[in-house]
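Down below is the structure, laid out as structure tokens.
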Amino acid sequence: MTPPVFAHGSLRLYLLALLDERPRHGYELIQALSDRFGGTYSPSAGTIYPRLSKLEEEGLVSKTTDGRKTVYEITDAGRAELEARRDELDGIENEVTDSVRRLADGVRAEVNDAMRSLRAELASAAREAKRASTKMPASAANTANGSTSWTGDARAETSRAVHEADLVLSEFRQQLRTDLRTRASRGRVSPETVTLLRARLAQVRADVLATLGDH
């Protein structure tokens, strides 16, 4: 079971620290937390707003309306509590550092799993292509490959291509993961987005496998 990102009561104090930097509305606080965690953690609105309401009830923050946004600002009482618990805040910063490291390890593990799956798919496709080529007449194989043998240069080229494909996929996954988490913090990711992503990725995979089968 994954340990919680914040210990009990720590998020409440951390929100006060963020508001001590400057007034913010709720989604700005969510984004600020996401930035502190390098995109590996983004709290939900259901996590943030109840705590802000509680802080307001206790007189530690106040809120004003700016157009359609509610802006929260730390009060003098909030600053006094923050100063009185400065040592605890330093400990929370250490907790955040540990949490970022733990979450980053989890992301790396997921990426590594995805890379292993990709390599297996590519290896399987390569075997299928090779098996198909062995069933071709010699003249047809010469025409398709431009050679009667699988040369060292061809192997090296294939190895480089697979490595580059690994890098491209890893970069794509990490960037899209960050983009989705950022949008999710603003409530802008819908089920249709996931459906579109699944369909487009399936099509890309089919297109890639088609090119492998042609060589």
Side-chain angles (χ1 to χ4, degrees), residues 1-114 170-194 197:
M1 182 177 181
T2 303
V5 174
F6 285 98
H8 179 70
S10 295
L11 179 56
R12 174 180 179 277
L13 188 59
Y14 206 73
L15 289 173
L16 281 178
L18 290 174
L19 291 174
D20 190 41
E21 296 175 357
R22 63 180 177 86
R24 306 173 193 256
H25 59 76
Y27 282 121
E28 284 180 324
L29 287 167
I30 291 173
Q31 186 60 53
L33 282 164
S34 179
D35 291 343
R36 297 292 171 94
F37 282 84
T40 58
Y41 167 73
S42 182
S44 66
T47 297
I48 296 300
Y49 283 106
R51 285 169 172 79
L52 289 173
S53 295
K54 183 65 175 177
L55 290 171
E56 184 187 9
E57 290 175 6
E58 296 173 358
L60 303 179
V61 303
S62 61
K63 68 180 181 181
T64 56
T65 301
D66 180 13
R68 297 177 61 183
K69 298 177 181 178
T70 299
V71 179
Y72 295 87
E73 184 174 0
I74 192 170
T75 63
D76 290 339
R79 291 190 183 89
E81 174 160 341
L82 194 60
E83 187 60 34
R85 301 176 64 184
R86 184 64 61 182
D87 291 342
E88 291 182 51
L89 184 59
D90 291 340
I92 293 173
E93 290 288 358
N94 291 332
E95 290 177 9
V96 169
T97 299
D98 292 341
S99 294
V100 169
R101 185 179 299 112
R102 186 178 68 245
L103 291 168
D105 288 342
V107 170
R108 280 194 293 270
E110 291 177 6
V111 170
N112 288 337
D113 287 344
S170 179
E171 180 180 0
F172 169 80
R173 186 182 187 281
Q174 291 177 348
Q175 183 60 57
L176 184 59
R177 182 187 178 93
T178 299
D179 291 342
L180 286 173
R181 286 180 177 273
T182 299
R183 298 301 188 278
S185 70
R186 302 170 186 167
R188 295 181 181 176
V189 177
S190 66
E192 288 77 12
T193 299
V194 179
L197 176 62

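The OH atom of Tyr72 sits 14.0 Å away from the CG atom of Leu60 when rounded to the nearest 0.5 Å. With rounding to the nearest 0.5 angstrom, the CD atom of Glu28 is 5.0 Å from the CZ atom of Arg22. Note: Leu82 CG to Leu18 CG = 10.0 Å, rounded to the nearest 0.5 Å. Atoms CG and CG, from Leu15 and Leu52 in turn, are 5.5 Å apart once rounded to the nearest 0.5 Å. Of the inter-residue distances, the one linking Leu13 atom CG with Arg85 atom CZ reads 4.5 Å to the nearest 0.5 angstrom. Going from atom NE2 of His25 over to atom CZ of Arg68 covers 12.0 Å, rounded to the nearest 0.5 Å.
Every side-chain contact (heavy atoms from CB on, under 4.5 Å) that Phe172 has, sequence neighbours left out, goes to Leu176, Leu201. Legend: residues meeting side-chain hydrogen bond (donor to acceptor under 3.5 Å, both in side chains) with Arg51, ordered by chain and number and at least two apart, are absent.
Leu16 approaches Ile74 most closely through the heavy-atom pair O-CD1, 3.6 Å. When all heavy atoms are compared, the tightest approach of Pro50 to Ala45 is CD-O, 3.8 Å.
Residues Leu19 and Leu29 meet the side-chain proximity criterion, which asks for heavy atoms closer than 4.5 Å. Val61 is listed as a side-chain neighbour of Glu56, based on a closest heavy-atom distance under 4.5 Å.
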